[in-house]
Amino acid sequence: MEKTIAAIATGNAAGGIGVIRISGENAIEIADQVFNAADGSSLLNLEGYRAKFGNIVSDGRMLDNAVALVFRAPKSYTGENVCELSVHGGLFIVEKTLEAVFKAGAEPAEPGEFTKRAFLNGKMDLTQAESVADLISAQGEMAMQASFNALQGSLSNIINGILEALMDCSANLAAWVDYPDEEIPDLDDKTLGDTIIKAARDLKELLVNYDNGQAMVQGIDTAIVGRPNVGKSTLMNLLAGKDKSIVTNIEGTTRDIVEESVRLGNVVLRLSDTAGLRQSTDIVERIGVERAYAKLDDAMLVLAVFDSNRTLNKQDMKLIEHCKGKKAIAVINKVDLTQRADLDLITSAFEKCIFISAKKADNTKEIEEAIKEVIGVSDFDTSVPILANQRQKVCCTNAMNYCFEAHSCLIAGLTRDAVNVLVDSAVDELLSLTGKKANIEIVNNIFSKFCVGK
Ligand code: GDP
């Protein structure tokens, strides 16, 4: 028998209500030991989806008023018996209630253990379980919608559709290979090939959406780069809405990378304010400049900042050069001052330029629109299923490659045996993706990243 587990389901801060969740075969018995219903009834006789008002008692002492909500297996989040005790949301009272629940026989839940049980009991597949974590950490509208769609099964439905088609092919190929002399209705090569190539293309479409999907869910990894004093830190603070980067007019103040996650409308940016690009004899500053270029190379988006009040120098030219081939926006700053920089040179080198005064005006809407345009997420459709992480991407890529290879083998006239091995490999990858055939270490690793109580 699985042990009955309990944890605080609400956040680690004082709030109106705190919830202790108990799950497992003895969940209701355990809750009944610490909860006295006001009407004198027992939770043991309560049907699922019913609540009772009463008190939490421990060692014969009343601790708090509470509401006990009962779910009966399999109709609960975990698929097991579950009881949720809602008490007043003070940290101390919530912890005392949890302590009472432990004394009554429950054991502490591990991180993500409730969701892991939901997965193991077939309440959701692995992509849905992962979307629970994404939903909790969602920082913007798009991330929230995309994660919720995944939780509703949008990704699982697509993957399961592809799986079904490939498993049909595999069953047919296997029958043909195992019983060559039998009269098995044969799938002709064209139908077989069409099914396999369609699966490959559907998987490819999911992969094409991966980067944009990640940008929406995790935030766009954005580097703010430029020579000293162009206004990088001022821009960072404008976007972040607070004084995170140190803004001074002494060159070289931001010597390393300052990072901040900010929300601009419905887009989340993971901003990095980098050291000003210049020649320096100071070793610490030189390392900062090297890191700034490395960040520029890695980032999904570059905000290349120029000072319209100063003529362009060697560092500006180097930056322009470095941005070639990258998704980059030229942010021409300090337009409140006299123009001295050769703006034509900048505008001809960048696909998108914006003219702002980071110090004075609120230009965030214009910056938001420019970012969406350059990243290509202006009309990002969150109802389209998206792969949520690297693990899903790897499974999907492998499955796609196996499908393309299987198709090539079929066209090249290789034996059906060989084609089947590849189709089966694709099927295995997709079963790992949804968790139907996932290695337990991978499963444990996924849930260890959840918070306790989820
Ligand atoms: P960084 O070295 O590129 O990070 O530049 P800072 O953000 O520290 O700014 C350098 C100086 O330029 C500071 O004195 C800012 O107040 C000033 N500054 C930043 N943006 C503007 C702007 O739009 N107009 C004007 N006039 N000054 C600005």
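For the single chain, residues carry numbers from 1 onward in sequence order. Computed from a predicted model, the values in this text were never measured in an experiment. Atoms within each ligand, like the ligands themselves, are counted from 1 in listed order.
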Within the structure provided, determine whether Leu239 and Leu303 are in side-chain contact (heavy-atom separation under 4.5 Å). yes
Note: ligand 1 atoms sitting under 4.0 Å from heavy atoms of Lys232 are 1 (P), 2 (O), 3 (O), 4 (O), 5 (O), 7 (O)
Considering Asp307, Thr234, Ile224 one by one, which has a heavy atom nearer to atom 7 (O) of ligand 1 than any of the others? Thr234
Are Gly226 and ligand 1 in contact, using a heavy-atom cut-off of under 4.0 Å? no
Does Lys454 qualify as a cation-pi partner of Phe447, given the criterion of NZ or CZ under 6.0 Å from the six-membered ring centre and within 45 degrees of its axis? no
Are any of the side-chain heavy atoms of Met300 and Gln214 separated by less than 4.5 Å? no
Tell me the nearest of Val335, Asn229, Asp273 to atom 2 (O) of ligand 1, using heavy-atom distances. Asn229
Atoms of ligand 1 under 4.0 Å from any heavy atom of Asp336, numbered from 1 in the order shown, are 22 (C), 23 (O), 24 (N), 25 (C), 26 (N)
Does the side chain of Asn333 come under 3.5 Å of the side chain of Lys232 through a donor N or O and an acceptor N or O? no
Taking N or O atoms only and a 3.5 Å limit, does Ser233 qualify as a polar contact for ligand 1? yes
Step-by-step salt bridge (charged side-chain N to carboxylate O under 4.0 Å, His left out) determination, Asp194 to Lys198: CA-CA 6 Å; Asp194 286 352; Lys198 180 174 183 322; over 6 Å; no
Distance-only N or O hit between ligand 1 and Val230, under 3.5 Å: yes
Under a 4.5 Å cut-off applied to non-hydrogen side-chain atoms, are Leu98 and Glu95 in contact? no
Lys334 and Asn229: side chain donor to acceptor below 3.5 Å: no
Please work out which of Arg227, Met236, Lys359 has its closest non-hydrogen atom nearest to atom 28 (C) of ligand 1. Lys359
Below 4.0 Å, non-hydrogen atoms only: which portion of Leu337 touches ligand 1? Side chain, backbone, both or neither. side chain
What atoms of ligand 1 come within less than 4.0 Å of a heavy atom belonging to Ser357? 22 (C), 23 (O), 24 (N)
For ligand 1, is any non-hydrogen atom under 4.0 Å from Leu235's backbone (N, CA, C, O), its side chain (CB onward), both, or neither? neither
Judging by distance only, is a nitrogen or oxygen of Ile356 under 3.5 angstrom from one on ligand 1? no
Please answer whether the main-chain N or O of Gly231 pairs with a side-chain N or O of Lys359 as donor and acceptor at a distance below 3.5 Å. no
